[in-house]
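Beneath this line is the structure, given in structure tokens, with notes to follow.
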Amino acid sequence: MSDVRASLPGGDLEASGTVSLDSMLAYRIEVDAVASAQAMVVALGLSDPERASPQSGSLRLDATLSGAGASMEGAAVTGALLIRDLEVAGGRLRAPVEVADGRVDLLGREARWNGLAMRVGGDEVRTSGQASGLWSGTLTVDATARSPRLDVDAIVGEGHTEVGYGRIAWGRLGERPVLGRPAEEWAVERDLSRPGPLPVRGVVAFEVDSLIRLPYRLSDVRGRLILEPGSLQVTETSFRAYGGSGTADGVLGLGAEESEPFHLDLELRDVRAEEYLAQNTPLGRLITGTMSLDLSLEGGLDTLFLPLASVLQGVGRFEIRDGGLAPNPLTDRILSFLGAGSGRGVEFSRWTAPLVVREGLLLLDGSTFTGSPLAADLTGALGFGGSVDLGALVRPDSALSAAATAGDVVRRYVQAGGLLEIALRLTGYASNPSVELAPEAMEQSGRSVLEKAAEDAARAGEQDLRERGLGLLRGLAGQDESEDTVPA
């Protein structure tokens with residue numbers, strides 16, 4: 001066979017070579033073909049209005065095809081695929097992906113490319129790598145991609161300066177609106193959807209110096225994607241954001257079920273708490289300070305890529321240093337209960353807490369709030385929807401204690417450096433909580449404090465003040481005057 005010429009959609013083909021006419025049908029054919037990328041997709045029946053596809057540009061194949069039989073499964077292609085002025089658009093893309101001049105080397109059943117330049121939403125991305133298993137059904141890819149800047153909003157649609165994925169996900173978990181709209185409505189508007197099964201497997205290492213997806217702005221993003229037909233894994237990922245740094249590892253199932261499993265490990269170091277919480281939770285800028293967080297979550301994501309509260313669980317720990325709480329109903333109610341006023345912010349030097357996520361709740365066990373006029377230990381549950389059921393062992397500083405206590409014994413004890421502890425229970429909702437004394441806890445914690453105050457007063461000869469201090473203890477602990485007394 002020699003000098004075969006044929007027309008292709010938007011181009012032509014020249015071929016020469018040999019084909020055996022025996023049962024093996026072995027062949028070796030040299031091909032030089034040029035075609036319109038858009039017309040070829042249409043001719044091959046691959047056009048789909050729901051998917052991105054070539055809109056312009058040409059493809060040129062300069063290669064040798066060899067193999068045997070009618071199937072391409074055992075074929076080898078050696079040569080090059082040349083790409084000119086290619087533009088891919090449509091589907092979920094809001095801006096085209098462009099390749100002005102590219103080359104892919106074909107090496108039998110492998111393809112390799114080096115420094116292939118693309119423009120994605122106007123930003124340059126360079127990629128190198130190889131793909132093996134051509135013609136075998138599922139490609140295996142080993143590639144790298146690097147970009148100095150990538151604006152995801154330009155590619156898939158403009159984001160929202162206030163509402164990102166974190167707030168939408170929290171709205172779903174708490175069944176509460178986000179800026180007056182259901183979380184599901186936001187998800188549809190932001191075109192969120194869980195990816196389906198992948199046609200490839202392999203690894204893609206990525207580096208992006210500046211990544212934008214409003215409201216998120218990340219820098220120095222590094223990581224690896226591990227691709228499997230039924231799962232997508234992000235590993236060894238690091239980034240800088242919110243004035244600090246972070247790492248993340250996660251895996252997501254890509255099946256067709258209503259809920260597919262996911263696992264996420266997130267670490268944040270020295271980020272601004274008010275920035276992170278404002279973008280990812282309904283707390284806004286309620287809490288300020290320098291925050292570090294370790295969090296491990298697992299559960300299920302629905303087809304809108306939103307978590308399901310019924311199966312979400314995890315463990316973690318956070319620390320916030322040199323921060324503060326803006327005035328809010330919870331601290332206002334505590335301060336008012338103590339008779340120390342309200343409508344004031346509360347500063348602290350350190351707030352730490354281990355936490356557990358289970359059954360739609362954030363469970364705190366050993367949360368410690370120090371270096372504050374209102375130091376406290378917190379134990380209990382916070383609901384994603386704003387419910388509160390907490391035990392608080394509150395230790396006001398000397399100024400608050402003086403305002404909160406009526407007995408001279410206690411006041412002198414606190415002024416001398418003693419520590420007043422008041423056990424409270426907080427219930428209801430964070431927007432309008434109820435605060436009451438926890439008598440059993442007061443029996444154990446407040447009793448020792450006030451009895452110590454009474455003992456100090458007795459040694460100073462102030463027996464009457466001692467008795468008044470014990471009377472205050474009994475009242476706080478719910479005892480009557482006939483119960484225990486402390487010998488002088």
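By the 4.5 Å heavy-atom criterion applied to side chains, Arg94 and Asp191 are counted as neighbours. Two residues are said to be in side-chain contact when any heavy atoms from C-beta on lie closer than 4.5 Å; Trp351 and Leu325 meet this criterion. Taking 4.5 Å as the limit, some side-chain heavy atom of Val221 sits within range of a side-chain heavy atom of Leu218. No side-chain heavy atom of Ile212 sits under 4.5 Å from any side-chain heavy atom of Leu150. Looking at heavy atoms from C-beta onward, Phe239 lies in side-chain contact with Leu268 at the 4.5 angstrom threshold. Counting heavy atoms from C-beta on, the side chains of Leu173 and Leu312 come closer than 4.5 Å. Side chains of Phe206 and Leu225 form a contact here, defined as non-hydrogen atoms less than 4.5 Å apart. Using a 4.5 Å heavy-atom cutoff, the side chains of Ile334 and Leu426 are in contact.
Side-chain atoms of Asp153 come within 3.5 Å of backbone atoms of Leu214 as a donor-acceptor pair (strictly under, hydrogens ignored). Side chain of Arg190 to main chain of Val163: a donor-acceptor pair is present (N/O by atom type, distance under 3.5 Å, no hydrogens or angles). Looking only at distances, a side-chain donor or acceptor of Gln279 sits under 3.5 Å from a matching main-chain atom of Pro215. For the pair Asp265 (side chain) and Ser296 (backbone), a donor-acceptor distance under 3.5 Å is absent. No donor-acceptor distance shorter than 3.5 angstrom exists from the side chain of Tyr216 to the backbone of Ala241, with no hydrogens or angles considered. Judged purely by atom type and a 3.5 angstrom limit, Arg333 uses its side chain to pair as donor or acceptor with the backbone of Pro433. At least one donor-acceptor pair closer than 3.5 Å links the side chain of Thr127 to the backbone N or O of Thr144. Under the 3.5 Å distance criterion, the side-chain polar atoms of Trp170 are matched with a main-chain donor or acceptor of Phe384. With Ser292 contributing its side chain and Asp270 its backbone, the two residues share a donor-acceptor pair below 3.5 Å. No side-chain donor-acceptor contact under 3.5 Å links Glu347 to the backbone of Gly345.
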Fill in: side chain to side chain contact (heavy atoms under 4.5 Å, CB included) between Thr303 and Glu258, intermediate numbers included
CA-CA 6 Å; Thr303 56; Glu258 183 64 26; 4.1 Å; yes

Worksheet entry | Thr427 vs Asp389, side chain to side chain donor-acceptor pair (under 3.5 Å): CA-CA, chis, key distance, verdict | CA-CA 5 Å; Thr427 56; Asp389 188 358; over 6 Å; no

Item to complete: Please assess Leu227 against Val203 for the test side chain to side chain contact (heavy atoms under 4.5 Å, CB included), listing each intermediate value before the final yes or no.
Response: CA-CA 6 Å; Leu227 312 173; Val203 179; over 6 Å; no

Practice prompt. List the steps and the verdict of side chain to side chain contact (heavy atoms under 4.5 Å, CB included) for Phe305 and Ser193.
Written response: CA-CA 5 Å; Phe305 204 66; Ser193 64; 5.9 Å; no

Fill in: Check against side chain to side chain contact (heavy atoms under 4.5 Å, CB included), Ile168 and Leu306
CA-CA 8 Å; Ile168 298 172; Leu306 295 179; 3.7 Å; yes

Discussion item. For Arg222 and Asp209: C-alpha separation, side-chain torsions, deciding distance, then whether salt bridge (charged side-chain N to carboxylate O under 4.0 Å, His left out) applies.
Written reply: CA-CA 8 Å; Arg222 306 288 185 268; Asp209 294 338; 3.2 Å; yes

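Put simply, CG on Leu297 and CD on Gln313 are 9.5 Å apart, with the number rounded to the nearest 0.5 Å. The CG atom of Asp220 sits 11.5 Å away from the CG atom of Leu211 when rounded to the nearest 0.5 Å. Separating the CG atom in Leu301 from the CD atom in Glu260 is a distance of 9.0 Å, to the nearest 0.5 Å. Ser231 contributes atom OG, which lies 8.5 Å from atom CG of Leu252 (distance to the nearest 0.5 angstrom). The structure places CG of Leu139 at 12.0 Å from CD of Gln130, a figure rounded to the nearest 0.5 Å. Here the CG atom belonging to Leu93 is positioned 12.0 Å from the CZ atom belonging to Arg51, to the nearest 0.5 angstrom.
None of Leu393, Leu378, Val394 except one satisfies the side-chain contact (heavy atoms from CB on, under 4.5 Å) rule with Leu424; the exception is Val394. Considering Leu361, Leu390, Leu363 in turn, Leu390 is the only one that fulfils the side-chain contact (heavy atoms from CB on, under 4.5 Å) rule with Leu382.
Identified under the salt bridge (charged side-chain N to carboxylate O under 4.0 Å, His left out) test for residues 273-299, with sequence neighbours left out: Arg269-Asp294, Arg272-Glu274.
When all heavy atoms of Arg317 and Pro354 are compared, the pair lying nearest together is NH1-CD, 3.5 Å. In this structure, Ala353 and Leu364 approach most closely via the heavy-atom pair CB-CD2, 4.4 Å. Val357 and Leu355 make their closest contact through CG2-CD1, 4.2 Å (heavy atoms, listed as atom of the first residue, atom of the second, distance). Scanning all heavy atoms of the two residues, the minimum distance from Gly171 to Val178 falls at CA-CG2, 4.0 Å. What you find for Leu254 and Glu228 is that their closest heavy atoms are CD1-O, 4.3 Å. Contact record, Ile83 with Val104: CD1-CG2, 4.5 Å, taken as the closest heavy-atom pair.
In this structure, Tyr276 and Tyr242 have perpendicular ring planes: the angle between them is above 60°, well past the 30° mark. Below 30°, between 30° and 60°, or above 60°: for Phe348 and Phe369 the angle between ring planes is between 30° and 60°, a tilted geometry.
Shown here is Glu175, whose CD atom has no more than 12 heavy atoms of other residues, nucleotides or ligands within 6.0 Å. By the 6.0 Å contact criterion, CG on Asp365 is open, its count of non-hydrogen atoms from other residues, nucleotides or ligands being 12 or less. Environment of CZ in Arg213: crowded, with over 12 heavy atoms of neighbouring residues, nucleotides or ligands closer than 6.0 Å. Within a 6.0 Å radius of CD in Glu207, more than 12 heavy atoms belonging to other residues, nucleotides or ligands are found. Under a cut-off of 6.0 angstrom, the local environment of CZ in Arg217 is sparse, with at most 12 non-hydrogen atoms contributed by other residues, nucleotides or ligands. Summarising the local packing, CD of Glu257 is surrounded by 12 or fewer heavy atoms from other residues, nucleotides or ligands at distances under 6.0 Å.
For the pair Arg103 and Trp113, the cation-pi test (distance below 6.0 Å, angle within 45°) is failed.
Looking at Asp322 and Arg350, no side-chain N of the basic residue comes within less than 4.0 Å of a carboxylate O on the acidic one, giving no salt bridge. Looking at Asp249 and Arg224, no side-chain N of the basic residue comes within less than 4.0 Å of a carboxylate O on the acidic one, giving no salt bridge. A salt bridge is defined here as a Lys NZ or Arg NE, NH1 or NH2 lying under 4.0 Å from an Asp or Glu carboxylate O, and Arg149 with Glu124 fails to meet this definition.
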